[in-house]
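Note on naming: letters A, B, ... go to the chains in the order of the sequence lines (proteins, then strands), and numbering restarts at 1 for each one. Atom set for the values below is all heavy atoms of this structure, side chains included, hydrogens, waters and symmetry mates excluded.
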Protein chains: 2
Amino acid sequence: MDIEKELPMALRAAYLSLHRNSDACFTEFDVTADQFVLMCALQDEKALTQRELAVRITSDPSTVRAMLVLLEDRGLVRRQPHPTDSRAKTVALTATGKRRLKKLIKVGQPIRDCMFGVLSQAESKKLVSLLGKVADSLKDYPSPTAS
Amino acid sequence: MDIEKELPMALRAAYLSLHRNSDACFTEFDVTADQFVLMCALQDEKALTQRELAVRITSDPSTVRAMLVLLEDRGLVRRQPHPTDSRAKTVALTATGKRRLKKLIKVGQPIRDCMFGVLSQAESKKLVSLLGKVADSLKDYPSPTAS
DNA sequence: TATTGTTATACTCTATAACTATA
DNA sequence: TATAGTTATAGAGTATAACAATA
């Protein structure tokens with residue numbers, strides 16, 4: 001098979017198996033894999049604006065808002081007025097959100113163990129590095145609308 | 001940062017940048033990136049049943065059906081009774097579908113060029129191999145409902 | 001009995017465009 | 001003028017469960 005087709009398909013297969021297994025694993029905690037990623041971003045950086053959050057999880061402001069509304073309904077995140085910019089809102093995990101996130105990290109561990117189980121330390125690092133190169137290469141790819 | 005968190009996030013970032021750039025690139029041809037993957041599967045294997053197709057693109061029978069209905073509406077695929085198993089249907093690209101797919105492969109080429117531009121031949125092969133390992137490791141991961 | 005596909009249903013992510021309020 | 005966020009809207013993928021027809 002052509003490597004040109006193989007790499008995109010391999011990327012897709014690997015990502016989807018991670019994503020779907022995570023989704024299935026998180027279902028009973030009423031959180032999706034994408035919502036988990038968003039919550040992880042909030043764990044790292046204490047309080048982000050919605051705009052910053054969109055950049056962080058490589059998504060769209062309106063998509064982020066839709067996700068935040070769902071998480072807010074479940075009491076996992078809180079949005080508050082920004083201290084200096086009154087247009088903006090800061091987003092942070094609630095106490096419940098922090099507890100939930102810890103739980104999710106724990107129950108998702110076997111999945112990550114499974115992935116790392118087939119890779120050596122060196123291979124893991126190599127894989128992260130190569131994936132980073134690929135993602136970077138496409139980061140500023142000209143969109144058709146920009147022409 | 002922890003490699004345990006880094007690999008899943010790197011995988012996500014790389015896949016999403018590929019997927020979204022592809023989607024944007026295919027928009028004017030009225031086909032999504034996921035539909036493109038499905039059409040590619042039909043190019044390789046002449047005629048598949050819906051079930052086989054679901055396995056091939058690692059998706060769900062009902063998801064596949066929803067996608068096929070959309071592609072059928074656009075005149076890109078055709079479903080016909082299976083010659084020997086009258087429960088099943090075979091799915092194949094129409095002539096229009098084949099032409100459209102060729103076009104999509106062509107217009108998507110710059111994206112793949114962009115990815116491969118930052119990788120050596122050896123790195124590309126290594127990446128495909130490592131991604132394959134990861135996907136395989138999760139292929140038969142026990143779902144929570146199976147317990 | 002098991003399997004193929006359909007149907008109904010519901011949820012989530014995605015994205016665009018028009019809008020407001022503020023910087 | 002530019003930016004942060006909202007709203008309305010539409011489309012697409014996802015998955016479960018119940019079902020009919022067939023193997």
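- Residue A/Thr32 places at least one side-chain N or O closer than 4.0 Å to OP1 or OP2 of C/dC13.
- Rounded to a whole Å, the CG atom of B/Leu68 is 15 Å from the P atom of C/dT4.
- A heavy-atom distance below 4.5 Å is not found between the side chains of A/Arg74 and A/Arg100.
- The shortest distance between the side-chain N/O atoms of A/Ser59 and the OP1/OP2 oxygens of C/dC13 is not below 4.0 Å.
- Put simply, the residue from A/Arg65, A/His82, A/Arg79 that forms a side chain to side chain donor-acceptor pair (under 3.5 Å) with A/Gln50 is A/Arg79.
- Residue-level contact check: A/Ser62 touches the bases, meaning some heavy atom is under 4.0 Å from a base atom.
- B/Asp23 comes within contact range of no nucleotide atom at all, as no heavy-atom separation falls under 4.0 Å.
- A/Ala66 comes within 4.0 angstrom of a base, heavy atoms only.
- Where A/Pro61 and A/Arg12 meet DNA chain D, the nucleotide closest to each residue was compared, and A/Pro61 sits on the side nearer the 5' end.
- Counting non-hydrogen atoms under 4.0 angstrom, A/Thr63 reaches a base of the nucleic acid.
- Looking only at atom types and distance, the side chain of B/Thr32 has no donor-acceptor partner in the side chain of B/Asp34 under 3.5 Å away.
- We find that OH of A/Tyr15 is positioned 12 Å from C1' of D/dG13, with the value rounded to whole Å.
- Summarising the geometry, the separation between CD on B/Gln35 and P on D/dT14 is reported as 11 Å, rounded to the nearest angstrom.
- Distance B/Asp60 CG to D/dA15 C1': 6 Å, rounded to the nearest Å.
- Between the CZ atom of A/Arg87 and the P atom of C/dA23 there is a distance of 7 Å, given to the nearest Å.
- OP1 and OP2 of D/dT3 both lie 4.0 Å or more from every side-chain N or O belonging to A/Arg51.
- Contact annotation: side chain of B/Arg65 to base of C/dT6, donor-acceptor pair absent below 3.5 Å.
- Atom CE of A/Met67 and atom C1' of D/dG5 are 17 Å apart (whole Å).
- Distance B/Leu71 CG to D/dA12 C1': 11 Å, rounded to the nearest Å.
- With hydrogens and angles disregarded, a donor-acceptor distance shorter than 3.5 Å links the side chain of B/Ser22 to the backbone of B/Leu18.
- Relative orientation of the A/Phe26 and A/Phe36 rings is tilted, given thresholds of 30° and 60° on the angle between their planes.
- If B/Asp85 and A/Thr84 are placed on DNA chain C by their nearest nucleotide, the residue sitting closer to the 5' end is B/Asp85.
- Separating the CD atom of A/Gln50 from the C1' atom of C/dA21 is a distance of 14 Å, rounded to the nearest angstrom.
- One finds a side-chain N or O of A/Arg20 lying less than 4.0 angstrom from the OP1 or OP2 phosphate oxygen of D/dA15.
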